[in-house]
Amino acid sequence: MRNAEVADLLDRLGDAAEAAGEDRFKVVAYHRAATSIRNMEEEVETLWERKKLEEIKFVGSGIARKLDEYFRTGKLRLLDELGAKVPQGVPELVKVPGIGPRTAYRLSHDLGVTGVADLRAALESGRLDEEFGPGVRKSLLLSIEKFQSFGSRMLLPEAEGVFQKLEAYFGALGISVRMAGSLRRGKATVGDVDLLSTDDRTMDALAGCPAVAQVLEKGPKRTSVKLEGGVQVDVRVFGIDELGAALLYFTGSKDHNIALRNLAIERGWKLNEYGLFDAEGARVAGESEEGVYERLGLQYVPPELREDRGEIESAREGKLPSLVKLDDIKGDLQMHTTWSDGSADLEQMALSAKARGYEYIAVTDHSMSVRVANGLTEERFRRQWKEIDKVNEKLAPFRVLKSVEMEIKSDGSLDFDREFLKGFDLVGASLHQNFGQDAERLTERALKALSHPEVDILFHPTNRLFGRREGNPIDLARVIRTARENGKMLEIDGEPRRLDLEDVWARRAAQEGVPIVTDSDAHATGELNNVAYGVTVARRAWLEAGQVANASNLRDLLKRFS
Ligand code: DGT
Ligand code: CA
Ligand code: CA
Ligand code: ZN
């Protein structure tokens with residue numbers, strides 16, 4: 001079936017024509033013909049053999065001639081010629097969301113922009129002020145930041161949502177699908193959604209799903225589609241006795257796979273997506289992942305650890321950690337209420353947390369210098385404490401801890417003095433202002449807070465925000481050392497755009513003996529769910545419950561920072 005291949009060719013031709021500054025109507029014609037061929041029943045190659053290409057809807061004599069050249073020679077000269085005409089910066093610029101081939105052409109050809117970094121510099125320096133109004137400039141800058149920090153990946157909850165919808169869709173048809181890929185490993189961002197099944201009907205079912213915008217590829221054992229909204233989904237079908245090996249292979253990571261395959265090779269065996277085979281080619285495992293690990297002499301490796309970061313060695317020695325679970329979490333230590341920038345009041349947050357089975361929460365409204373978030377003064381905190389006392393009486397033994405997300409100001413000083421801070425049960429500190437400082441200044445601010453006797457936790461240490469900005473360039477090795485020396489805790493903020501600390505750094509902090517807090521940073525009751533994402537990061541950081549401060553009960557928690 002060459003229809004998909006020919007359709008892609010025409011789409012590429014359309015993009016190249018647009019990027020080379022060709023007429024709009026030509027560009028549209030190529031894409032129209034591509035869609036028409038992609039969706040037709042008959043083989044385009046058969047029609048070509050019968051000289052009937054022009055009977056295809058939207059294929060005129062010009063496009064028919066090009067397809068004829070392609071079928072005869074396997075090449076299309078026009079594509080190469082157009083490619084040579086595409087200005088230097090275009091291929092990179094079109095990857096930025098919101099920049100199409102036409103704009104890219106204009107930027108590169110007419111305005112001399114050589115790439116994404118150059119575009120950013122040009123916008124920031126005012127070089128393009130005459131070309132674009134302030135609104136367009138602002139949205140271009142936002143797109144660039146998103147592209148530079150994020151690419152075309154999606155956040156974990158979005159990928160999970162796609163999976164759940166598809167799982168329900170297939171479920172209604174009696175088809176069961178399994179999650180694989182980076183989504184199953186719980187990565188903070190996910191490129192595409194990978195599914196596996198043992199049911200041949202899955203292919204047609206996916207291609208026929210109403211949420212599908214475009215079928216990219218459809219074969220007997222594999223289908224790829226793009227959903228409305230742009231998310232790519234890959235489905236592959238395997239036999240029941242192959243499913244474990246397939247899950248292993250398509251869960252990845254690629255590096256983990258390669259390490260496993262090398263273990264098989266050492267024994268003179270072979271491992272691929274169909275199974276584990278001995279030297280004679282007989283299948284020794286493949287039905288389950290557990291079976292494959294076992295025959296390779298390994299403990300079962302949870303998907304979150306499959307990154308080739310030492311898990312193979314640990315599994316061989318039987319020393320994999322017993323990873324923390326969502327169930328282990330006894331309370332949530334960062335959230336906001338209507339006192340600052342949250343949307344639920346304090347009692348609602350407490351009730352919702354209690355209903356989740358927690359023993360305690362810390363209410364961490366912002367302190368006064370975060371004016372945009374309606375930060376609290378000493379006087380307002382004193383009033384909030386009275387409300388907390390009342391709620392605690394009502395909900396006992398559930399406990400609301402008096403806490404704060406206190407601002408570390410530009411000069412490293414804090415919003416409140418030591419005497420006042422003593423009135424809180426728990427003090428978290430973070431910075432929201434002046435990220436433009438150099439790495440040394442930013443690091444000094446964090447270290448100053450971690451050296452303060454009343455501060456207990458440093459919240460979201462790097463301040464990264466997927467889709468908005470990369471993390472601050474602070475010296476995390478020094479942050480961790482200072483936290484350890486002063487007996488402070490570091491946070492994994494479960495807000496999906498933050499997930500900060502990230503896994504490798506949280507792991508390192510815990511290895512050095514720093515207790516980790518993993519919480520929601522909720523600004524509404526529903527967002528208390530964010531803790532699950534924080535726990536996923538903690539698992540990817542190899543953490544056991546004993547290394548997570550809020551996996552302990554209230555008494556032990558209070559002991560940690562009294
Ligand atoms: P993503 O989608 O970019 O977030 O990351 P993944 O890990 O889901 O990667 P994806 O979707 O390209 O492929 C799914 C899995 O398939 C990947 O984790 C490992 C496996 N895989 C893909 N390509 C290769 C390869 O060239 N060699 C091996 N050994 N495995 C591969
Ligand atoms: Ca994937
Ligand atoms: Ca994939
Ligand atoms: Zn915050």
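One-based numbering, in listed order, for ligands and for the atoms of each. Heads up: numbering here begins at 1 and tracks the sequence.
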Between the Ca ion (ligand 2) and D234, is there an N, O or S atom separated by less than 3.0 Å?
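No, since none of the N, O or S atoms of D234 sits under 3.0 Å from the Ca ion (ligand 2).
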Can you name the N/O/S atom of D192 that is nearest the Ca ion (ligand 2)?
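Result for D192 and the Ca ion (ligand 2): OD1.
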Find, among atoms of D194 that are N, O or S, the one nearest to the Ca ion (ligand 2), and state its name.
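Within D194, restricted to N, O or S, the Ca ion (ligand 2) is closest to atom OD2.
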Give yes or no for whether the N/O distance cutoff of 3.5 Å, strictly under, is met between [X] and ligand 1.
{"X": "T189", "value": "no"}
{"X": "G191", "value": "yes"}
{"X": "R153", "value": "yes"}

So, [X] and [Y]: side-chain donor and acceptor under 3.5 Å apart, yes or no?
{"X": "N257", "Y": "R306", "value": "no"}
{"X": "T443", "Y": "R478", "value": "no"}
{"X": "E5", "Y": "Y70", "value": "yes"}
{"X": "E495", "Y": "H460", "value": "no"}
{"X": "T525", "Y": "S352", "value": "no"}

Side chain, backbone, both or neither: the part of [X] lying under 4.0 Å from ligand 1 by heavy atom:
{"X": "R185", "value": "side chain"}
{"X": "T251", "value": "backbone"}
{"X": "D192", "value": "both"}

Minimum heavy-atom distance between [X] and [Y], given as atom pair plus value:
{"X": "G534", "Y": "L499", "result": "N-CD2, 4.4 Å"}
{"X": "A19", "Y": "Y105", "result": "O-CD1, 2.6 Å"}
{"X": "L458", "Y": "A446", "result": "CD2-CB, 4.1 Å"}

For atom 25 (C) of ligand 1, which candidate among Q232, H256, K254, E307 holds the nearest heavy atom?
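Ranked by closest heavy atom to atom 25 (C) of ligand 1, first place is K254.
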Can you list the ligand 1 atoms lying under 4.0 Å from a non-hydrogen atom of [X]?
{"X": "G181", "answer": "8 (O)"}
{"X": "D194", "answer": "8 (O), 11 (O), 14 (C)"}
{"X": "V190", "answer": "4 (O)"}

